[in-house]
Amino acid sequence: MTAALSAHELIARHRSTLDQALEAIRTRAYWSPHPEHPKAYGENGSLDMAAGKAAFDALLGSRLDLGQPGTDDWVGGETSPYGVDLGVTYPHADLDVLLPAMKAGQRAWRDAGAEQRAVVCLEILKRISDRTHEFAHAVMHTSGQAFMMAFQAGGPHAQDRGLEAVAYAYVEQVRTPDNAEWTKPQGKRDPLAMNKQFTPVPRGIALMIGCNTFPTWNGYPGLFASLATGNAVLVKPHPRAVLPLALTVQVAREVLAETGFDPNLVALAAERPGEGIAKTLALRPEIRIIDYTGSIEFGDWLEANARQAQVYTEKAGVNTVVVHSTSDYKGMLSNLAFSLSLYSGQMCTTPQNLLVPREGISTDQGPKSYDEVVADLAKSVDGLLGDDARANALLGAIVNPDVKARLEAASGLGEVALASREITNPDFPGAVVRTPVIVKLDGAKPDDEAAYMSECFGPVSFAVAVDSAEDAAELLRRTVREKGAMTVGAYTTDPEVEQAVQEVCLEEAAQLSLNLTGGVYVNQTAAFSDFHGSGGNPAASAALCDGAFVANRFRVVEVRRDA
């Protein structure tokens with residue numbers, strides 16, 4: 001295959017970006033090559049707002065032909081949470097044809113080496129970045145995120161996570177040298193001398209199983225970690241969120257072909273309604289790596305049954321915030337209100353349980369009782385979402401009927417401190433938009449435990465009354481150990497309480513945010529600096545991103561010869 005882009009050209013184009021990414025993961029300082037502001041696009045070949053919207057509109061009702069082998073049907077059926085029928089159809093694959101075709105290109109991809117694979121991945125990410133406005137609409141209309149969140153989380157933040165995975169993959173592969181001269185003295189005899197060659201080799205075909213809520217943000221780390229370590233990648237999107245990942249596959253195939261590699265190293269596995277091909281794929285012997293974001297049930301099934309594969313899961317947890325005391329009561333309430341409201345709580349990092357001492361908390365505004373804290377938080381959420389235009393921009397749309405059903409059922413679990421209300425979106429009358437509900441529960445009542453010890457994904461939060469800070473720390477420990485947590489938050493001015501909560505999080509491997517009162521929120525993490533999940537509690541078996549996330553996607557094979 002003739003390359004339109006040589007390795008030399010790609011290295012010249014992207015090596016400096018790779019080096020900056022390597023420095024960022026070393027220092028954990030802020031850095032991003034992908035602009036967060038929509039107006040930053042429109043030059044150097046990138047699509048501006050109008051062009052991106054036009055490109056998305058042109059996709060509606062179209063057939064997205066990826067040129068994949070083994071296409072035996074065309075499937076689709078996505079309907080936007082905003083009420084728009086996308087009408088896009090995608091290739092359905094005969095796996096017995098597609099999987100061997102994917103495997104055929106791995107030898108040349110393996111032999112290219114870590115640096116060339118990395119810069120090819122960076123070229124893919126650059127082309128995706130140039131189409132960020134188009135991708136933003138695709139994410140918005142499959143996930144229900146409001147446009148600005150879809151633009152940032154589905155665009156630059158997802159691209160950052162993909163680049164971060166490439167950087168970690170590169171570090172782990174070059175840790176071992178390509179060649180070594182080995183000499184062992186033998187006293188009076190001639191020394192033993194050998195030439196040793198070390199090659200990172202891929203495990204096989206990687207399966208990336210996409211999620212509905214964050215198809216690119218959650219999908220790109222696994223996709224690019226596997227591709228950068230030499231593996232072919234089969235992308236199996238969520239049936240309600242195919243378009244963003246299908247566009248990703250399209251770009252990847254174009255770049256691979258232009259750089260002289262087999263485009264079948266990246267392929268799409270779309271499915272017919274109700275086909276459920278994820279289980280079938282997960283057990284195929286060709287599949288040697290699986291990345292999955294979604295339900296506990298299927299994540300557990302993958303871990304138990306896909307024994308031939310290295311499985312990385314992000315499932316679910318019960319995220320908890322300990323509210324003990326604060327020196328900025330207004331800032332605390334504002335920060336929590338935003339965290340509970342963003343994307344209607346449809347984030348794996350959104351707080352669910354707020355543990356508040358029943359005798360109240362101390363604040364810079366004087367003592368506040370449990371009832372006052374909960375009532376003031378409800379007022380803060382109400383104030384934040386009181387304007388419907390602002391509410392729509394923060395909440396987005398409810399992604400599926402299951403979330404709506406959980407929201408409606410939550411009001412029957414306890415005393416409602418803040419009732420959910422319906423909001424109309426004038427631009428999308430078909431959108432289901434609901435404000436959060438806050439329910440008061442008692443941590444000492446066994447009947448309430450069934451509610452707060454289960455994940456209730458969506459705009460549902462429980463204000464759980466506890467006897468003391470010690471009880472809060474112990475309940476936090478039990479929650480993380482038994483149910484897992486992607487995030488933990490705490491508000492306290494007491495060094496002993498802070499130390500107790502921190503110790504719980506260190507022992508139970510949960511990521512902790514302390515006393516957030518400004519523009520950083522517990523449910524947001526920054527690539528190159530923050531770890532998303534830890535891989536150390538039941539919520540996830542991996543962290544995005546660290547060395548462990550990439551190192552077992554390849555093995556080092558040694559060839560040695562007498563010198």
Side-chain angles (χ1 to χ4, degrees), residues 27-29 317-336 338-340 349-370 372-374 376-377 441-444 449 452-453 461-526 529-540 543 546:
T27 64
R28 317 306 296 181
V318 177
N319 301 321
T320 300
V321 177
V322 175
V323 182
H324 170 261
S325 53
T326 179
S327 60
D328 184 359
Y329 187 59
K330 182 179 179 181
M332 179 190 79
L333 294 174
S334 176
N335 192 280
L336 283 173
F338 189 92
S339 297
L340 300 182
T349 50
T350 300
Q352 174 179 302
N353 293 347
L354 310 175
L355 309 186
V356 185
R358 64 181 76 251
E359 71 270 17
I361 70 173
S362 60
T363 80
D364 56 319
Q365 298 182 18
K368 299 288 182 179
S369 69
Y370 164 84
E372 286 176 315
V373 171
V374 179
D376 288 344
L377 178 58
L441 297 176
D442 192 328
E449 183 173 317
Y452 66 73
M453 284 294 281
S461 294
F462 301 118
V464 182
V466 294
D467 290 336
S468 64
E470 292 77 16
D471 286 339
E474 195 49 46
L475 179 52
L476 170 63
R477 181 188 300 278
R478 186 160 63 91
T479 302
V480 177
R481 181 175 293 175
E482 295 178 10
K483 303 297 181 180
M486 294 300 294
T487 59
V488 173
Y491 290 91
T492 181
T493 57
D494 186 326
E496 291 185 4
V497 174
E498 179 178 320
Q499 181 60 38
V501 172
Q502 181 171 308
E503 193 59 32
V504 168
C505 291
L506 291 173
E507 290 180 357
E508 304 302 330
Q511 311 294 11
L512 172 63
S513 297
L514 284 166
N515 297 316
L516 300 184
T517 57
V520 175
Y521 303 96
V522 67
N523 42 349
Q524 297 174 317
T525 57
S529 187
D530 294 324
F531 293 110
H532 176 75
S534 71
N537 69 64
D546 62 5

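The analysis underlying the following values was restricted to heavy atoms, covering all of them including side chains, and did not include hydrogens, waters or symmetry mates.
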Please report the closest heavy-atom contact between [X] and [Y], naming both atoms and the distance.
| X | Y | result |
| --- | --- | --- |
| Leu340 | Pro351 | CD2-O, 3.6 Å |
| Val321 | Ala490 | CG1-N, 4.3 Å |
| Leu514 | Gln502 | CD1-OE1, 4.5 Å |
| Pro357 | Tyr370 | O-CB, 3.7 Å |
| Val464 | Leu475 | CG1-CD2, 4.4 Å |
| Ala463 | Val374 | CB-CG2, 3.7 Å |

Hey, is the main chain of [Y] close enough, under 3.5 Å, to the side chain of [X] for a donor-acceptor pair?
| X | Y | answer |
| --- | --- | --- |
| Asn335 | Val520 | yes |
| Asn319 | Ala485 | no |
| Asp364 | Tyr329 | yes |
| Thr525 | His532 | no |
| Ser513 | Val522 | no |
| Tyr452 | Asn353 | no |
| Asn537 | Val480 | no |
| Gln511 | Gly533 | yes |

### Message
Can you confirm whether the side chains of Thr363 and Gln365 place a donor and an acceptor under 3.5 Å from each other?
### Response
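Thr363 vs Gln365: no donor-acceptor pair found between side chains.
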#### Entry: Donor-acceptor pair between Thr493 and Ser325 side chains, under 3.5 angstrom
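Note: Thr493 and Ser325 side chains meet the donor-acceptor criterion.
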Would you give the length of the straight line joining atom [atom1] of [X] to atom [atom2] of [Y], rounded to the nearest 0.5 angstrom?
| X | Y | atom1 | atom2 | result |
| --- | --- | --- | --- | --- |
| Gln352 | Met486 | CD | CE | 14.5 Å |
| Glu359 | Ser369 | CD | OG | 11.0 Å |
| Ser327 | Asn515 | OG | CG | 6.5 Å |
| Glu507 | Glu503 | CD | CD | 4.5 Å |
| Asp467 | Glu474 | CG | CD | 13.0 Å |
| Ser461 | Leu441 | OG | CG | 11.0 Å |

Is any side-chain heavy atom of [Y] closer than 4.5 Å to one of [X]?
| X | Y | result |
| --- | --- | --- |
| Phe462 | Met453 | no |
| Leu476 | Val501 | yes |
| Val488 | Val504 | no |

### Task
List the steps, then state whether side chain to side chain contact (heavy atoms under 4.5 Å, CB included) holds for Thr492 with Val322.
CA-CA 8 Å; Thr492 181; Val322 175; over 6 Å; no
### Query
What's the verdict on side chain to side chain contact (heavy atoms under 4.5 Å, CB included) for Arg358 and Asp442, showing C-alpha distance, side-chain angles and the deciding distance?
CA-CA 9 Å; Arg358 64 181 76 251; Asp442 192 328; 2.8 Å; yes
#### Entry: Sequence neighbours excluded, every pair satisfying ring pair (Phe, Tyr, Trp, His ring centres under 6.0 Å) that has a member inside residues 485-512
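Checked against ring pair (Phe, Tyr, Trp, His ring centres under 6.0 Å) - neighbours excluded - no pair reaches residues 485-512.
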### Task
Apply the test side chain to side chain contact (heavy atoms under 4.5 Å, CB included) to residues Met332 and Ile361: give CA-CA distance (whole Å), side-chain angles for both, the deciding distance (0.1 Å), then the verdict.
CA-CA 12 Å; Met332 179 190 79; Ile361 70 173; 4.3 Å; yes
